[in-house]
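Read the structure below first, then the notes.
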Amino acid sequence: MAAAPALLIHTPARNILLATAIHSDTLVAVAASADGGWFQPLIFHDLLLLDANGKVSCRVDRAETSKGLLAYLIDSSPLHLAIHDAVLKVDLNSDGSWPQCGSQGDSDSRITWSIHNAAFQLNAPWRTLPIVDLQGLHLAGQVGPDTSGHRHLVIEPFTVLDRAPVSDNHASQNLALIAPILSRTTRIDGSATVHFEGLTVPLDGPSANAPFPIRGRAAFHSLEASLRQDFLGELTHLIPASGLQLPGRIAVLDQTDVRFEVTAEGIHHDGMIVLLPELARNLKITTSGTIRLDEQLDIDLMINLPKPLTGTNSDFTDRPLAGLLAGLATEPLRLHVTGTVSSPSFALPEGLDLAGELLRRVAPDVSDTAPPSVTAAVTGLIRSISNEDKSEGKRKLPGSIINLIRAVDKSTKDRKKQRK
């Protein structure tokens with residue numbers, strides 16, 4: 001009896017003890033060494049957990065229990081397990097699905113647990129960089145049966161980033177899942193906070209090991225970034241050749257909460273607000289949608305034109321031209337983004353380009369197949385609105401509007417003549 005702890009802990013038999021405690025049909029646990037006894041708490045060093053397919057691995061520097069062997073065998077009170085310096089790696093399947101780790105055996109034991117200074121990495125076979133790569137995680141929760149007798153893993157709410165500096169690495173992983181536009185940026189500067197709600201994972205029954213949906217929120221603090229040139233090129237496809245220079249710098253609206261939800265298919269976000277300060281001070285772009293784990297996009301963009309363009313607080317408040325300007329901002333511009341993260345595709349409703357959509361608003365009687373003179377007038381108006389020199393933009397804006405009116409009027413007369 002006295003020698004039993006030494007036989008169980010200081011020999012490979014400790015791995016049998018671990019297997020008994022894990023109750024898994026696919027996970028294998030191996031510890032390099034262990035300490036403890038009948039009355040001393042058990043401590044496992046250099047612990048490794050692997051699934052049968054090699055898709056999930058977890059390395060733990062130290063795992064400590066609150067009980068010795070005797071209490072573990074005869075005491076039914078909850079056991080506390082403290083895990084220090086753990087690294088969990090998960091490799092997605094080739095089709096982008098999450099790997100299965102099997103099921104647990106029946107048990108009515110209750111365990112409270114805490115994880116200190118952990119790291120999590122999510123990899124995909126088609127990417128050289130991880131999808132998610134986080135360090136310094138601290139979590140807590142419990143495992144045990146609920147009132148119906150089914151076992152659950154309960155994870156308390158936790159924070160993965162707390163006003164953490166955001167670097168270019170986040171353009172390819174982590175925050176890019178919540179804010180896909182960051183995946184097309186560089187030279188990122190700012191900080192972010194990401195908080196997850198608590199969740200309950202069933203460990204047995206038909207939905208075993210299904211933690212989804214995992215919900216959380218992200219807040220960005222004074223975050224700015226530069227758009228990549230290839231992404232700017234995609235945006236210019238929405239605008240006919242007009243010489244319009246799109247802004248290369250974006251900013252994220254400070255202290256805005258972005259709600260997100262992780263599912264088996266991907267990550268859905270709602271309410272990401274981006275500013276284009278180089279184009280217009282109050283122009284806002286709100287994104288909502290899903291980025292799938294295979295990097296397919298299904299995202300809606302809503303562009304709210306700034307109030308100065310409607311004539312409010314501008315030099316054109318008391319002029320008839322203000323009504324024409326107001327037509328540009330009657331409703332947000334809506335774009336749909338598909339394709340992939342590396343090759344996004346933008347589309348306006350009914351296949352219009354940006355100039356055609358603006359033309360529809362200020363001159364609804366003009367056909368979608370407007371002559372080049374009308375398109376040129378619309379894009380000239382865009383150039384005036386987006387002029388970097390605000391005073392120069394205001395000076396040219398009335399002329400651009402008049403040119404548009406003339407072009408529309410001429411197009412209308414020409415079409416009447418053609419009908420006759």
Side-chain angles (χ1 to χ4, degrees), residues 18 22 24 26-33 43-51 53-65 80-93 96 98-101 111-143 153-179 182-183 188 191-199 201 209 211-212 214-219 260 262 266-267 291 293:
L18 286 172
I22 291 176
S24 174
T26 60
L27 285 177
V28 176
V30 178
S33 62
I43 303 176
F44 295 92
H45 302 278
D46 296 326
L47 179 63
L48 174 63
L49 289 89
L50 292 172
D51 77 312
N53 298 317
K55 295 288 187 177
V56 179
S57 66
C58 183
R59 293 184 177 274
V60 179
D61 182 69
R62 188 173 79 258
E64 302 177 354
T65 69
H80 183 77
L81 176 65
I83 298 174
H84 299 268
D85 301 311
V87 178
L88 173 62
K89 293 183 179 181
V90 178
D91 295 332
L92 296 176
N93 297 319
W98 292 79
Q100 298 295 322
C101 293
I111 301 172
T112 63
W113 54 267
S114 58
I115 299 176
H116 309 274
N117 192 34
F120 172 65
Q121 189 178 97
L122 178 64
N123 300 293
W126 57 85
R127 285 175 57 99
T128 56
L129 290 175
I131 297 177
V132 176
D133 194 358
L134 297 169
Q135 294 83 34
L137 303 178
H138 302 276
L139 300 93
Q142 55 269 350
V143 176
L153 165 67
V154 178
I155 303 176
E156 298 175 0
F158 61 97
T159 299
V160 298
L161 298 175
D162 188 5
R163 289 189 171 271
V166 178
S167 66
D168 280 0
N169 288 338
H170 291 92
S172 301
Q173 56 196 26
N174 301 340
L175 292 176
L177 299 175
I178 304 169
L182 293 182
S183 65
I188 303 176
S191 61
T193 298
V194 178
H195 181 78
F196 283 85
E197 299 178 3
L199 65 147
V201 184
N209 302 321
F212 308 112
I214 304 172
R215 297 184 175 91
R217 68 179 187 274
F260 64 88
V262 184
I267 296 90
I291 173 173
L293 292 180

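By the side chain to side chain contact (heavy atoms under 4.5 Å, CB included) test, His138 is found to be paired with His116, Asn117, residues two or more places apart in sequence or in another chain being considered. For His80, the side-chain hydrogen bond (donor to acceptor under 3.5 Å, both in side chains) test picks out Thr112, Ser114, with sequence neighbours left out. Every residue two or more places apart in sequence or in another chain that forms a ring-ring contact (aromatic ring centres under 6.0 Å, His included) with Trp98 is listed here: Phe212. Listed by chain and number, the residues in a side chain to side chain contact (heavy atoms under 4.5 Å, CB included) with Asn53 are Asp51, Lys55 (sequence neighbours excluded). Residues satisfying the side-chain hydrogen bond (donor to acceptor under 3.5 Å, both in side chains) criterion with Thr159, sequence neighbours excluded, are His195. For Asp91, the side-chain hydrogen bond (donor to acceptor under 3.5 Å, both in side chains) partners two or more places apart in sequence, or in a different chain, are Asn123. In this view, Glu156 satisfies the salt bridge (Lys or Arg N to Asp or Glu O under 4.0 Å) rule with no residue, not counting sequence neighbours. Remark: Arg215 pairs with Glu261 by the salt bridge (Lys or Arg N to Asp or Glu O under 4.0 Å) rule, at least two apart or across chains. With sequence neighbours left out, Val160 forms a side chain to side chain contact (heavy atoms under 4.5 Å, CB included) with Leu134, Leu137, Phe158, Val194, Phe196. Taking Ala119 as the reference, Val87, Gln135 meet the side chain to side chain contact (heavy atoms under 4.5 Å, CB included) condition, with sequence neighbours excluded. For Ser183, the side-chain hydrogen bond (donor to acceptor under 3.5 Å, both in side chains) criterion is met by no residue, not counting sequence neighbours.
Leu81 and Ala63 get closest at one heavy-atom pair: CD1-CB, 4.3 Å. Leu177 and Ile267 make their closest contact through O-CG2, 3.5 Å (heavy atoms, listed as atom of the first residue, atom of the second, distance). Contact between Trp126 and Asn93 at its shortest, heavy atoms only, is CZ3-O, 4.0 Å. What you find for Phe44 and Ala31 is that their closest heavy atoms are CD2-CB, 4.0 Å. The minimum heavy-atom distance between Leu88 and Cys58, with the atom names listed, is CD1-CB, 4.0 Å. Here the shortest heavy-atom pairing between Leu161 and Ala192 reads CB-O, 3.8 Å.
Looking at heavy atoms from C-beta onward, Leu47 lies in side-chain contact with Leu18 at the 4.5 angstrom threshold. Using a 4.5 Å cut-off on side-chain heavy atoms (C-beta onward), Trp113 and Ile83 make no contact. Side chains of Leu50 and Ser57 form a contact here, defined as non-hydrogen atoms less than 4.5 Å apart.
Note on residues 125-143: pairs passing salt bridge (charged side-chain N to carboxylate O under 4.0 Å, His left out), not counting sequence neighbours, are Arg127-Glu295.
Atoms CG and CD1, on Leu122 and Ile131 in that order, are 4.5 Å from each other to the nearest 0.5 Å. Atom CD1 of residue Ile115 and atom NE2 of residue His84 lie 10.5 Å apart, to the nearest 0.5 angstrom.
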Kindly indicate, with the supporting measurements, whether the criterion side chain to side chain contact (heavy atoms under 4.5 Å, CB included) is fulfilled by Asp46 and Asp61.
CA-CA 5 Å; Asp46 296 326; Asp61 182 69; 4.1 Å; yes
